Each structure stands twice: as C-alpha cells, then as structure tokens.
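Working notes, beginning with the structure itself.
Whatever order the structure lists them in is the order used to number ligands and atoms, beginning at 1. The figures here come from the full heavy-atom set of this structure, side chains too, leaving out hydrogens, waters and symmetry mates. Only a predicted model underlies this, so the values are computations on that prediction, with no experimental measurement involved.
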Amino acid sequence: MAIIKLLSEEIINKIAAGEVIERPASVVKELIENSLDAGAGSIRVEIKNSGQDLIKVTDDGQGMDEEDARNSILPHATSKLASVEDLYSLQTLGFRGEALASIAAVSQLAIITKPKGKLEGFNLVAEGGSMVSCGIIAADQGTTVEVRNLFYNTPARKKFLKTEAVELRHIIEVLTHYALFNNHIAFKLIHDNHQLINSPALIDMRDNIASIYGIGLAKDLLEVNYKDEGVIVSGYVAKPSRARNDKSQQALFVNGRWVKNNDINKAVYEAFHSLLMVGKHPIFVLSITINPQKIDVNVHPQKLEIKFEQTEKVFSAAFNSVRESLQRNNLIPIVDEIYPQFNIGLGKNIFKYNFERSTQTIFPSENNLSPTEDSLTWAGVNPLLLGEEINSHNNDSDVFKDAAAVIQSNNHHLSSKEFSPIFFPSMKILGQIHKTFFAAETEGGVFFLDQHAVHERILYEKFMNQFMNSEVKIQSLLQGEIINFTPAEKILVLEHKTELSRLGFNLEEFGDSTFVIKTVPLIFGRLQHSQTIQEVVSTLLEKQNSIEMLKEEIITRMACRAAVMAGEELTVSRFETLVQELSLTRLPYTCPHGRPSLFKITSEELEKKFKRRG
Ligand code: ADP
Ligand code: MG
C-alpha cells in the first residue's frame, strides 16, 4: 500500500525549506535518519573519496514498495507528515520530504529497496533529479541508497567543499553521534575500503559510549538520570578529570534527534564549573526527552537546531541533572603511582609547581604582602581599610558559623535542590612542605593538600554564597582609590553600577572617565582593587554579558587572587582551621579552576614503594 503523499501547499509553506545538502556529511545524515525512521537494526555506510565519489547507505528497515520508491525522490514527498498539526507531535527524524529529492537533484542516485513480505525488490536510478531507469531486482529486505558524484552538476557547490580530511571528519561526526545515541543499532562506516567505525548493537549505553569514545572511559562515566516537570535528562558525563582540550566528545540529543544547542551546553558547563581546569571541556552524552509539542524542530535547514518553548526549564533540568550526578559521586582523585610521575589523570601541568608565587597565581601580584604568619589573615588586612571589623579567624566558632552558612544556603546557581555536603575524610595535619603543600595522615594512607587550592575553594564558596544572597560584606576605604577607564569602559561601568556594588565595589564618578573606589568586598581584602575592577570590566566588555552570567568566572578570579599563595608559610594549626572550613564546602576536592585541592596516596602504595608487599 502506498504511503507517500505529496504535501499540500500550506504545509510546504510552513516548512522552512533551505539548503539541506551542503556537503557529503549532509547526505550521510539525511540517509541515516531515513534508515532510523524506517526502523533499521543495522546501518552500513560506505563512502569513497570522503563521500564525493560515493555514499552508499544500506539498512534492514521496512523498505519501500514500487510506488513509494518512485515518489520518494519527488520534492515534498513524505510518509511522515500528513497535516500541519503533525509537525508538532513528530516522532520521526524526517518530516519535510525534501532530502531524497534534494540529493537526487545534485547527484546520480540509485535506490534498491524491498519491503517486508515482498518477494522481489525494486531498483530505481535517477540523474539530476530525473529517473533514468527502474525495474524489478532481487534484494534483501530494507533499503540501499547510493549517491554517486555528488554536486557533479553544480560545480559551484562542489568548489565550496573543504579538503577531503575535513569532509571525512564531518561524516565521522554524523556517524558517531547517531551511533552514540542508538546503542541498540549496529553502525558501520567504511571509507575507501577501510573500516573506520564499527559500533555493534549493545544493550548497555555505557558500553556503547566507551566503544565509541574509548574503552578506558567506561569506568569514568557517571550516569545522569533526572526527571523534573516533564523534562527527562538521561545519559552520561565523564568525571571532570577526563575533561578534554576540545569539544569533540560532547553529544546532545533531544527526543532522539542530534542537536546543537548553546543554552544547554552552557548549563552543562555551569554544572561542571569549578571542577574543570580553565580551557578544559567536559565529556558528555546527554539525551533530553520532552513533549514534542514543547519544541520546534523546524527552525534549521539541517534540522540541527531546535527551539524550546521554555528554554529556562530545559536549561535548569540539564544543569541540575549533571550537578546531581557529579555530587552523587565522590570525585576525590587517588594517585596511581608516586614517582617518577604523578599521574592522576588531570593533565600534565598540575604538579609542575616550582614553589614560586607565579606558578600558582593567574594574576601576578605586584604588591607582595609579606607572607609571614601574622600578616596572613583570612580576609587580609589592608592598611587602607576601615569600617566593619575583619572576621577574626582565630575564633573558630565564627569560622564554622560562616562555613556552615555556606552549606546551608548553598542553593546558588540554578539549582532548586539543596545539596548536602559530601563525605569528607578526617585527617591529621602533619606539616607544610616547601611552603606550598601540606601532608596529612588519614585512614588508609596519606593526603597531600595544596594550600592555595584549599583556600581558594573556601573563599570562592564563601563569597559566592554572600553574592547569591545579595549580602556581600563590604569595607570602606579610608582613602578612596582612583581608577581610570576608557570611554567604552566608563559606559559599561555606569551601566553595571548596581551589579558592581552587588559584588562589593561601590564606585563614585569623579569626572571624565575617572572614578573613586569607595568600598570593596570584605572577604577579598587582600586584593588589589583597581586591578580587580579593571578585570571585571574587561571581562564584561569582552563577553558582552551581565555580571550575573559571568559571576563564576569573576568570583573564581577574585578567590584566586585573594587566596594564600604557594610560598607562604602557614602553621599546622592555621591550616587545620582551613581544612575544617574546606570540609564544609560543597566541592572540597578541587579549587574553583578544577585543580585538585588534595589527593591520597594509599598505605598499600607506600608499602609497595618500601617493598613491604609485592
Ligand atoms: P522525509 O524523511 O522528510 O520524509 P526524505 O526525502 O528523506 O523525506 O524521504 C522521503 C520518503 O522516502 C520518506 O518519507 C520515506 O517514506 C521514504 N524513505 C526514504 N528513505 C527510506 C528508507 N531508508 N527506508 C524506507 N523508506 C525510506
Ligand atoms: Mg528524510
């Protein structure tokens, strides 16, 4: 029975027709989507010359009868959409009836297909969109679409193609994504007779991801499983220690459709934030399931983008789902080997400390506050500061009150859920090493802690908490500091005056583009204020965003600047207080940049080193 119908003019006009086929990878994508829509259990893609000479996709799906096969290459012919309403309840990947027609128009196309139950198959050959021959043929159930000499009749478009390697990369990207999501379907990619991808049908999603992104990843994948107000988020994220320098291992699917969506990506990054090193990108494979009526899939020619009715809701579901999964898992790194290499999988640079200030600070400090123990106060005292009393950090109960408050009201970001503090091991601080690290005895081994990272984490969470509750404690400057801006910056400063004051910086206009700094945040007393404000302003200028959006970045920098540096001497008792505060933070195991704040060497490891065990 024929199931393909020509779309009415009304529907055609509704559909944002566009350049569906811009490169070989677009052909591969459309053909794979058709195979998936046809219920295939196995999809084999063979290409020659990065798809420019040949793209052949074979599936074992439902196939087409003769009439459908003939209709399939006509423009706007589809079996997937009958009315305008259907567009809003789509269960299929295709819906425009455009792909085969567009591909046929710019190539030499052949279709061999046989539906279930039929004895013989049907074969059709077209050139430049017109059928040149057809007939009965022996075939297996399913469909093979063969596309030869893509763009042979549109030399201009052919010229636009990038190098073979680039085109091949795009094809691999398409295959990889569909193989990632459809673990129960087998995928193969063969390029110039070499098998590039062989992804068998697997029951388990984790195995499937590992088979594609690398077997070693399996043990570092954290499951994401979240449901909130009609949005389901499932899939996996890799531990932060697996983060990459590129974004190549990130995949997002909405209702089974591979999509690119910056808002959701941002939510995922935000959930990871402060667990990731600067410039690192998390690995994730996430699938969002949402009522099809709440999304518009028809906004992009390649159907790669979608619009959500309630972006905020989806955004916060994505954030919460990933955050929850990271919290659920203990992220403390354990050392595999002691010497010669510290290998905790977080990148090479982490342990390259030279015991100099500069290696630990992102922003070199000009004004070296003398690092004696007495001058090192938590908030730091600047002689110019006046006003509210500095927290006395010899007073432990105050410290704990502060820290407990951080935990209690730490529902910042988008999260509506309270996160309970995660388990923090007890330890006995033994002493400082090279004025940079501390060693501590703990059950089953030894901890090494990084004093800068520890303090940074505490300051970050304390300040973020104050900021989110709009109760940043401020100090007035006895002598207002003068700060100059460029005209563009001045406009920005005036525009963000309220937000800056929320950060604790109150500025008063002093003529031209000069301002006086009246107050600064109490907790960051050690900062050089004009430099910090300058930085905040240039971040605003560069990113063209609000402080609210950039708060993580800004506060991370401030915490980094204000934290004790490597090279500063600290007593055991002072560090004990720091560790107590650390234990009350939400994410004690890393600094806000994502570097580890502590790691463990197990007693077993020590025993091995001393040849007490084999
Ligand atoms: P769409 O997928 O948007 O419907 P296409 O031009 O991609 O439009 O395909 C047109 C029609 O051809 C589909 O609706 C489907 O009925 C049929 N078709 C295409 N590829 C296959 C396939 N691999 N197996 C079965 N039917 C197919
Ligand atoms: Mg299609």
Side-chain angles (χ1 to χ4, degrees), residues 1-8 11-12 14-21 25-46 55-84 86-107 109-118 121-124 126 129 131 134 137 139-147 174 178 182 185-188 255-258 292 297-304:
M1 195 195 67
I3 52 173
I4 295 185
K5 296 172 213 63
L6 293 184
L7 291 177
S8 72
I11 301 181
I12 291 173
K14 273 260 174 190
I15 292 173
E19 291 294 314
V20 183
I21 305 303
S26 345
V27 174
V28 174
K29 179 171 183 288
E30 292 296 339
L31 297 184
I32 290 182
E33 288 187 355
N34 281 347
S35 297
L36 290 169
D37 284 344
S42 142
I43 299 173
R44 182 182 188 276
V45 181
E46 188 184 343
I55 297 169
K56 183 175 167 185
V57 176
T58 304
D59 69 50
D60 57 356
Q62 68 183 34
M64 289 178 269
D65 67 16
E66 181 177 334
E67 193 183 345
D68 279 341
R70 286 170 187 272
N71 282 339
S72 70
I73 60 165
L74 299 177
H76 307 297
T78 181
S79 57
K80 302 169 192 173
L81 199 62
S83 68
V84 174
D86 289 350
L87 205 48
Y88 303 104
S89 55
L90 275 178
Q91 305 288 343
T92 52
L93 297 169
F95 55 87
R96 292 188 183 128
E98 241 186 340
L100 284 184
S102 310
I103 296 167
V106 292
S107 70
L109 178 114
I111 298 176
I112 298 169
T113 183
K114 188 177 86 109
K116 202 174 174 184
K118 280 260 173 158
F122 180 74
N123 173 25
L124 166 164
M131 195 165 75
C134 66
I137 197 171
D140 291 331
Q141 191 207 313
T143 304
T144 296
V145 178
E146 225 178 76
V147 178
V174 169
Y178 281 108
N182 299 285
I185 297 172
F187 284 86
K188 263 191 185 145
N255 290 357
R257 188 184 296 280
W258 167 36
V297 293
N298 191 27
V299 292
H300 187 261
Q302 276 103 40
K303 298 171 286 181
L304 258 171

What does the N/O contact table under 3.5 Å look like for ligand 1?
residue: ligand 1; atom: 2 (O); partner: N34; partner atom: OD1; Å: 2.9
residue: ligand 1; atom: 2 (O); partner: K80; partner atom: NZ; Å: 2.7
residue: ligand 1; atom: 3 (O); partner: F95; partner atom: N; Å: 2.9
residue: ligand 1; atom: 3 (O); partner: R96; partner atom: N; Å: 3.0
residue: ligand 1; atom: 3 (O); partner: G97; partner atom: N; Å: 2.8
residue: ligand 1; atom: 4 (O); partner: T78; partner atom: OG1; Å: 2.5
residue: ligand 1; atom: 6 (O); partner: A99; partner atom: N; Å: 3.2
residue: ligand 1; atom: 6 (O); partner: L100; partner atom: N; Å: 2.9
residue: ligand 1; atom: 7 (O); partner: N34; partner atom: OD1; Å: 2.9
residue: ligand 1; atom: 7 (O); partner: N34; partner atom: ND2; Å: 2.8
residue: ligand 1; atom: 8 (O); partner: G97; partner atom: N; Å: 3.4
residue: ligand 1; atom: 14 (O); partner: T78; partner atom: OG1; Å: 3.4
residue: ligand 1; atom: 14 (O); partner: S79; partner atom: N; Å: 3.0
residue: ligand 1; atom: 14 (O); partner: S79; partner atom: OG; Å: 3.1
residue: ligand 1; atom: 16 (O); partner: S79; partner atom: OG; Å: 2.6
residue: ligand 1; atom: 20 (N); partner: N34; partner atom: ND2; Å: 3.4
residue: ligand 1; atom: 23 (N); partner: D59; partner atom: OD2; Å: 2.9
residue: ligand 1; atom: 24 (N); partner: T143; partner atom: OG1; Å: 3.3

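Between the Mg ion (ligand 2) and N34 there is an N/O/S contact shorter than 2.8 Å.
Screening D140, T143, D59 against T113 for a side chain to side chain donor-acceptor pair (under 3.5 Å) leaves a single residue, T143.
In terms of heavy atoms, L93 sits closest to Y178 at CD1-CE2, 4.3 Å. The two residues A139 and G121 have their closest heavy-atom pair at CB-CA, 4.3 Å. What you find for A77 and I4 is that their closest heavy atoms are CB-CG2, 3.7 Å. Across all their heavy atoms, S72 and M64 have their closest contact at CB-SD, 3.8 Å.
A salt bridge links K80 with D37; the closest basic N to acidic carboxylate O contact falls under 4.0 Å.
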